[in-house]
Amino acid sequence: MRVEVLLFGPLADAAGRDSLSVNTDATQPTARDVLDALTQAQPAMRSMLTACRLAVNHAFADDATLIRAGDEVAVIGLVSGG
Amino acid sequence: MRVEVLLFGPLADAAGRDSLSVNTDATQPTARDVLDALTQAQPAMRSMLTACRLAVNHAFADDATLIRAGDEVAVIGLVSGG
Amino acid sequence: MACAVAHIMDGPLNPSVTHGHMDGGAGAVVTFLGVVRSEEHGARIDALEYTTYDPMAERILRALAADAIERFSVRSIAAEHSRGRVAVGECSFRLTIASVHRREALDAADWFIERMKRDAPIWKRPIPAPSPAVIDGAAI
Amino acid sequence: MACAVAHIMDGPLNPSVTHGHMDGGAGAVVTFLGVVRSEEHGARIDALEYTTYDPMAERILRALAADAIERFSVRSIAAEHSRGRVAVGECSFRLTIASVHRREALDAADWFIERMKRDAPIWKRPIPAPSPAVIDGAAI
């Protein structure tokens with residue numbers, strides 16, 4: 001399945017864009033599958049991605065969370081509010 | 001020496017007045033002497049006075065602090081600001 | 001620049017806290033407001049009446065502020081306490097602490113209030129709320 | 001009554017802390033202001049530019065507020081965070097916590113900020129201060 005992933009902050013700076021489209025082998029991928037596919041597709045971002053969590057529909061997702069078509073998926077790296 | 005002692009809060013309520021005059025045997029009494037003389041003169045206030053400190057010229061005094069004529073002396077019981 | 005100020009004010013304090021100018025070094029400003037609660041030892045009250053021993057009360061608050069600045073390495077502390085009557089819901093105490101990071105300011109606030117409640121010659125007397133009988137002019 | 005609110009606002013927050021009505025149950029109101037400092041990682045800056053992931057940022061802040069109300073038994077928590085440019089000395093974050101006693105409010109403030117810095121999808125980018133050479137239009 002093809003998943004559009006939103007990027008923010010340092011991750012968006014590193015990628016030079018606000019979103020990336022990643023391809024997973026699974027037809028119904030988990031959050032872990034998406035993060036792994038992203039890491040494979042963007043080896044230069046590997047070290048940043050190890051500290052990342054996936055958010056699905058505005059909530060942090062477990063590794064096992066299933067991604068469905070139409071879900072809003074975002075990678076949340078180190079945040080820096082306050 | 002005769003020492004005028006200011007009272008506040010519950011102590012003033014218990015004494016029914018804002019100050020008391022106490023007599024000490026010493027010609028130059030210490031803060032401890034004054035508190036002891038006050039306790040002897042006001043046995044009804046004994047339990048309240050055990051939790052009290054003496055302030056001399058607007059600063060807490062040690063037991064050994066000497067009281068001089070003209071000093072402003074106050075008994076500070078349990079406070080309750082905030 | 002470290003700065004310790006303390007004042008005893010007549011009546012309730014203004015609960016609006018305005019920070020007109022904040023210097024670029026302080027990243028955290030913690031403000032603590034003490035508000036008169038509607039109950040004191042389980043009984044309903046209308047107000048608290050504060051008595052202070054002046055000028056010792058201000059002197060102690062200022063000394064505590066200077067001490068807390070040293071202990072917690074905060075940049076500034078300003079303390080105000082009411083004298084006289086302060087009604088339920090009104091503000092009787094305000095503490096403002098500026099620091100580089102938040103933890104020092106929160107720790108300094110806790111320490112300052114603890115010490116104030118031990119050492120500052122300030123006393124409160126509850127003003128009881130009238131009983132319903134008194135309000136209505138007759139027992140219910 | 002327990003109440004958790006959170007908002008992301010455009011630009012700097014108003015640094016005035018106004019408590020129009022304070023209910024008679026809360027004896028302590030702690031306000032924390034986060035102020036943009038003039039240095040970021042040792043370099044002088046003019047401002048911070050905040051990016052937020054909306055509406056997840058508000059949702060996380062609101063969830064943290066509700067969680068903190070439970071954990072620390074405080075009465076209410078209101079959190080606001082800036083989006084966009086906030087200049088040095090301006091306020092980018094405000095947290096207001098009302099509680100019966102001070103300790104819960106101070107502890108809840110510390111916990112909330114710690115969790116916000118871990119979980120809220122908000123990012124800042126420093127806007128460097130122009131170097132003297134740029135200000136003068138010529139190297140010194």
Side-chain angles (χ1 to χ4, degrees), chain A residues 3-22 29-35 37-39 42 44-82, chain D residues 6-9 12-13 31-37 40-41 45 47-67 79-86 90-95 109-127:
Chain A
V3 180
E4 185 80 3
V5 177
L6 303 177
L7 305 175
F8 298 91
L11 269 178
D13 293 342
R17 50 201 294 184
D18 291 343
S19 69
L20 282 170
S21 184
V22 295
T30 63
R32 183 78 259 157
D33 292 335
V34 172
L35 270 177
L38 187 62
T39 307
Q42 304 285 332
M45 291 166 62
R46 178 184 299 270
S47 66
M48 297 182 86
L49 288 167
T50 55
C52 287
R53 289 172 285 176
L54 218 65
V56 178
N57 299 329
H58 308 124
F60 285 113
D62 293 331
D63 276 359
T65 301
L66 292 173
I67 310 299
R68 293 177 177 79
D71 283 348
E72 183 171 315
V73 178
V75 206
I76 310 292
L78 291 176
V79 301
S80 56
Chain D
H7 293 290
I8 306 289
M9 320 282 282
L13 305 178
T31 302
F32 178 93
L33 298 179
V35 180
V36 175
R37 296 172 55 206
E40 185 78 3
H41 302 303
I45 64 168
L48 289 175
E49 177 86 26
Y50 287 98
T51 310
T52 59
Y53 175 26
D54 302 327
M56 185 179 175
E58 257 182 21
R59 182 177 164 161
I60 291 275
L61 293 181
R62 203 169 292 130
L64 290 179
D67 196 353
E80 285 175 283
H81 200 293
S82 291
R83 177 203 292 120
R85 184 188 172 98
V86 183
E90 289 182 330
C91 180
S92 61
F93 172 64
R94 171 169 37 207
L95 181 68
D110 192 49
W111 182 89
F112 184 98
I113 298 169
E114 191 75 34
R115 291 294 298 264
M116 174 179 76
K117 286 175 176 287
R118 192 187 81 180
D119 289 342
I122 302 173
W123 295 269
K124 67 185 173 199
R125 187 198 310 268
I127 311 294

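Naming convention: chains lettered A, B, ... in sequence-line order (proteins, then strands); numbering from 1 in each chain. Just so you know, these numbers come straight off a predicted model, no measurement behind them.
- Rounding to the nearest 0.5 angstrom, the gap separating the CD1 atom in D:Ile60 from the CZ atom in A:Phe60 is 5.0 Å.
- For the residue pair A:Gly81 and D:Lys117, the shortest heavy atom distance occurs at O-NZ, 3.5 Å.
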Test log, rule side-chain contact (heavy atoms from CB on, under 4.5 Å), inputs A:His58 and D:Asp54: CA-CA 8 Å; A:His58 308 124; D:Asp54 302 327; over 6 Å; no
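- Looking at A:Ala59, the atoms closer than 4.5 Å to chain D (heavy atoms on both sides) sit in the backbone and in the side chain alike.
- Remark: A:Arg32 CZ is packed, more than 12 non-hydrogen atoms of other residues, nucleotides or ligands lying under 6.0 Å away.
- Atoms CH2 and CG, on D:Trp123 and A:Leu11 in that order, are 8.5 Å from each other to the nearest 0.5 Å.
- For D:His81 (side chain) and A:Gly82 (main-chain N/O), a donor-acceptor pair under 3.5 Å exists by modelled atom type.
- For A:Asn57, the part lying under 4.5 angstrom from a heavy atom of chain D is the backbone only.
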Check step by step if side-chain contact (heavy atoms from CB on, under 4.5 Å) holds for A:Glu72 and D:Tyr53. CA-CA 12 Å; A:Glu72 183 171 315; D:Tyr53 175 26; 2.6 Å; yes
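- Looking at heavy atoms from C-beta onward, A:Asp13 lies in side-chain contact with D:Arg125 at the 4.5 angstrom threshold.
- For chain D, the nearby part of A:Leu78 is the backbone; its heavy atoms alone come within less than 4.5 Å.
- A donor-acceptor pair under 3.5 Å is formed between the side chain of A:Ser80 and the backbone N or O of D:Lys124.
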